[in-house]
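The chains referred to below are lettered A, B, ... by the order of the sequence lines, with proteins before strands, and numbering in each begins at 1.
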There are 2 protein chains.
Amino acid sequence: MKHNIEELLSTHGVKPTPQRAVIADYLLETHCHPTADEVFQAVKDKLPVALSRATVYNTLNALVTAGVIQEMTTEAGRVRYDANMSDHHHFVDIESGKVFDIPAETIKQINLELGDKFKVHKFHVTIFGEVKE
Amino acid sequence: MKHNIEELLSTHGVKPTPQRAVIADYLLETHCHPTADEVFQAVKDKLPVALSRATVYNTLNALVTAGVIQEMTTEAGRVRYDANMSDHHHFVDIESGKVFDIPAETIKQINLELGDKFKVHKFHVTIFGEVKE
DNA sequence: TCCACGGTTAGAATTAGTCTAAATACAGAC
DNA sequence: GTCTGTATTTAGACTAATTCTAACCGTGGA
Ligand SMILES: [Mn+2]
Ligand SMILES: [Mn+2]
Ligand SMILES: [Zn+2]
Ligand SMILES: [Zn+2]
């Protein structure tokens, strides 16, 4: 664990436990936007006790609610989790399905002409394409 | 049925059947980006025979493959269907969850500075906000 | 020490979606 | 018009993702 997980969880109002720490730590170190089951597979052997899927889901939902991570989606229907909470968008390699973070500043300008009826809180750009090499 | 469904399906290589026609017709007339189950509920009594969920899913998948409709998603994990095939983005009312189509021209400019590594095929903007009144 | 409470667990339940096998519908051949 | 092969539909079984339930810890405070 390279990150100070306990402090991160505490400052977000989530009581640190070994299960939560190992899940949050995995999410912070990976960049692969894993599904719940990928999180489960990745961390289940890192604890001295058995890990329940219910705990994984409970923890992921708690972390989302606390603002430590966010949900995102690429293919319709598969929920993925992302510990990168900076303002960013996503590039999806249409061949491999791999997801890359694209900083918000990378999108130079996006002007919306939505009229008076729509008040924009935030927007998210999902980009589909190919990664070279 | 206001639309010429049979012709639409035929020109896309989907053999028209009563089940497919009623499903496609519903998708063309609604603007609500329904889920598979919402489609099922909306059309099941419009046929003289019982309608199977399998047929709804088969038809939706066939229409997506044929390019008659597209899948989209707002909340993580729920697949929705959209018969608007024009180039457009989506505005989600964060209170009601209602989805509004935003023509692509509404977004005046979006310049991406992704470098040589990423080749963009398409992108989609999901906007979250409130609808006034 | 005892208790209350939050957290975890295994497994059951639910839900969305796919698969299977049997029944139907139907277009073309005769 | 009948025959027959193929496509479609159907009900229900199945699977996978997620939530729920109820029992079981573990810990900090009375
Ligand atoms: Mn969720
Ligand atoms: Mn699908
Ligand atoms: Zn990300
Ligand atoms: Zn749309």
Original post:
Are any of Thr17(A)'s side-chain N or O atoms less than 4.0 Å away from OP1 or OP2 of dT8(C)?
Top reply: yes
Original post:
Can you check the Gln41(A) CD to dA16(D) C1' distance for me, whole Å?
Top reply: 13 Å
Subject >> Residue that, paired with Gln41(B), satisfies side-chain contact (heavy atoms from CB on, under 4.5 Å) out of Asp37(B), Val43(B), Val39(B) >> reply: Asp37(B)
Original post:
Going by distance alone, is a donor N or O of one side chain under 3.5 Å from an acceptor N or O of the other, for His90(B) and His88(B)?
Top reply: yes
Original post:
Below 6.0 angstrom between ring centroids: does that apply to Phe100(A) and Phe118(B)?
Top reply: yes
Original post:
Hey, is the side chain of Tyr57(B) poking within less than 4.0 Å of OP1 or OP2 on dG17(C), counting only N and O atoms?
Top reply: yes
Subject >> Closest-nucleotide 5' rank along DNA chain D - winner of Ala36(A) and Ala54(B) >> reply: Ala54(B)
Original post:
Whole-Å distance between dG7(C) P and Leu63(A) CG?
Top reply: 12 Å
**OP:** Round to a whole Å and report the spacing from CD of Glu75(A) to P of dA16(C).
**Re:** 19 Å
Original post:
Atom CG of Leu51(B) to atom C1' of dA25(C): distance rounded to whole Å?
Top reply: 16 Å
Subject >> Length of the line joining Gln19(B):CD and dA25(C):P, which is rounded to integer Å >> reply: 10 Å
Subject >> Integer-rounded Å distance: dA25(C) C1' and Lys15(B) NZ >> reply: 10 Å
Original post:
Can you tell me how far P of dT14(C) sits from CZ of Arg53(B), to the nearest Å?
Top reply: 15 Å
Subject >> Phosphate OP1/OP2 of dT10(D): any Asn58(B) side-chain N/O under 4.0 Å >> reply: no
Original post:
Is any side-chain nitrogen or oxygen of Arg78(B) closer than 4.0 Å to OP1 or OP2 of dA16(C)?
Top reply: yes
**OP:** Compute whether any side-chain donor of one residue and acceptor of the other, for His124(A) and His124(B), lie under 3.5 angstrom apart.
**Re:** no
**OP:** Ignoring backbone atoms, test whether Arg20(A) places a side-chain nitrogen or oxygen under 4.0 Å from the OP1 or OP2 oxygen of dG7(C).
**Re:** yes
Subject >> Short side-chain donor-acceptor distance under 3.5 Å, His89(B) and Asp101(B) >> reply: no
**OP:** State whether Thr55(B) places a side-chain N or O below 4.0 Å from either non-bridging phosphate oxygen (OP1 or OP2) of dT10(D).
**Re:** yes
Original post:
Roughly, in whole Å, what's the span from CZ in Arg80(B) to C1' in dG17(C)?
Top reply: 16 Å
